[in-house]
Amino acid sequence: MDAKIRLYVEHPLGAEQSVPLDRGQAHYLFGVMRQTVGAQVLLFNGQSGEWRATVAEAGKRGGTLICEEETKPLQMPPDLWLCFAPIKKARTDFIVEKAAEMGAARIVPLQTEFTNSGRIQRDRLQAHAVEAAEQCGGTYVPQVAEMARFDRVMSEWDTARRIMFCDEALAAAGSPPLTGQQGPWAIFIGPEGGFSAREREKLRGMDHAVSVSLGPRILRADTAAVAAMTLWQQALGDWS
Ligand code: SAM
């Protein structure tokens, strides 16, 4: 019987490995998805690929699964970070979910001058990234970093990591197609109020940053994140 349910677990996986479930996972598997002993589930932990496992114990407060066979090797995404200024909660959730589905390796919430949401709930965003990986068949879950101030991120930037700076000021002028060498990259997306002139100058002044237009219309930050990831993945990532 083909296992359909995929579950992310923070536990080693391997042949005959017993994997305990926490209360939340037990509630989801046995309460919501009505699975019982003997059912088969696909497990992944972001490091050891995907394993088919069988439910050995099922209870309200927990359970145990036994790994049987590796069904998919670990597939790492390209070394791409999505650095974005959080916007309203639901739309920030959307950005994190799409970044996980579309192959970001790390997600960095940025506090820029015009960012209007002062704080994020990192654990909640991380749970969205996990859920997106469970749904899209990914075997890797991007880490959602703590919110960091733009200036600090810039001061600590490793110049080996190139930046795709999505600059709304280029909307009218456009920009050449994205090219460059593969390797560590980051996409920068500003908040609803855009990047400040100072931030824009900082990014434009970096040798390892490429300023990119996302077309002639001004996109919402969540739309821009998806558009930018599509452009990057097609040009330099694992979609081509
Ligand atoms: N307040 C800004 C304005 O009116 O120009 C709009 C900011 S936009 C809502 C949020 C972010 O999405 C921008 O900072 C930029 O990173 C990205 N973005 C949106 N449209 C873009 C475009 N046409 N070209 C490049 N980046 C774009």
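Quick caveat: nothing in here was measured; it's all calculated off a predicted structure. First listed ligand is number 1; within each ligand, the first listed atom is number 1.
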Report task. Any chance you could lay out the salt bridge (charged side-chain N to carboxylate O under 4.0 Å, His left out) test for Arg52 and Glu68, step after step, and finish with the verdict? Result -> CA-CA 6 Å; Arg52 195 189 62 239; Glu68 287 162 356; 3.5 Å; yes
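Close contacts of ligand 1 with Ile218, meaning ligand atoms under 4.0 Å from a residue heavy atom, involve 5 (O), 6 (C), 20 (N). Residue Arg217 has at least one heavy-atom neighbour below 4.0 Å for each of these atoms of ligand 1: 20 (N), 22 (C), 23 (N). Taking every non-hydrogen atom of Gly193 and a distance limit under 4.0 Å, the qualifying atoms of ligand 1 come out as 1 (N). Residue-ligand proximity, Val212 to ligand 1, at heavy-atom distances under 4.0 Å covers atoms 25 (C).
For ligand 1, the polar-atom distance check against Leu214 finds a nitrogen or oxygen pair separated by under 3.5 Å. Residue Pro216 places no N or O, backbone or side chain, under 3.5 Å from any N or O of ligand 1. Some N or O of Gly215 is nearer than 3.5 Å to an N or O of ligand 1, by distance alone. Any N or O atom pair closer than 3.5 Å counts here, and Ala171 shares no such pair with ligand 1.
Qualifying ring pair (Phe, Tyr, Trp, His ring centres under 6.0 Å) partners for Phe195, counting only residues two or more places apart in sequence or in other chains: Phe165.
Under the side chain to side chain donor-acceptor pair (under 3.5 Å) criterion, no residue pair touches residues 22-34, with sequence neighbours excluded.
Val210 places a side-chain heavy atom less than 4.5 Å from the side chain of Val212.
Contact annotation: for Ala169 versus ligand 1, there are no heavy atoms closer than 4.0 Å. Both the backbone and the side chain of Cys166 come within 4.0 Å of ligand 1, counting heavy atoms alone. At a 4.0 Å heavy-atom cut-off, ligand 1 touches Asp167 through the backbone alone. In Thr223, neither the side chain nor the backbone holds a heavy atom less than 4.0 Å from any atom of ligand 1.
Other residues, nucleotides and ligands contribute at most 12 non-hydrogen atoms within 6.0 Å of the CZ atom of Arg220. The neighbour count for Glu156 CD, taken as heavy atoms of other residues, nucleotides or ligands under 6.0 Å away, is above 12. The neighbour count for Arg152 CZ, taken as heavy atoms of other residues, nucleotides or ligands under 6.0 Å away, does not exceed 12.
When only modelled atom types and interatomic distance are considered, Thr71 and Glu50 share a side-chain donor-acceptor pair under 3.5 Å. Neither side chain, Arg149 nor Gln111, offers a donor N or O lying under 3.5 Å from an acceptor on the other. A donor-acceptor contact closer than 3.5 angstrom is absent between the side chains of Gln135 and Glu97.
Closest heavy-atom approach to atom 7 (C) of ligand 1 within the set Arg200, Met164, Glu192: this belongs to Glu192. With atom 17 (C) of ligand 1 as the reference point, the heavy atom nearest to it among Ser211, Ala224, Ala173 is part of Ala224.
Here the protein heavy atom with the shortest distance to atom 8 (S) of ligand 1 is Leu219 O, 3.3 Å. Of all protein heavy atoms, the one lying nearest to atom 10 (C) of ligand 1 is Pro191 O, 3.1 Å. Among all protein heavy atoms, the one lying closest to atom 11 (C) of ligand 1 is Gly190 O, 3.4 Å. Scanning the protein heavy atoms around atom 13 (C) of ligand 1, the nearest turns out to be Glu168 OE1, 3.0 Å.
The shortest heavy-atom distance from Leu170 to ligand 1 is not under 4.0 Å.
The two residues Ala221 and Ile189 come nearest to each other via the heavy atoms O-CG2, 3.8 Å.
One finds no salt bridge joining Asp222 and Lys88 here, because no Lys/Arg side-chain nitrogen approaches an Asp/Glu carboxylate oxygen to under 4.0 Å.
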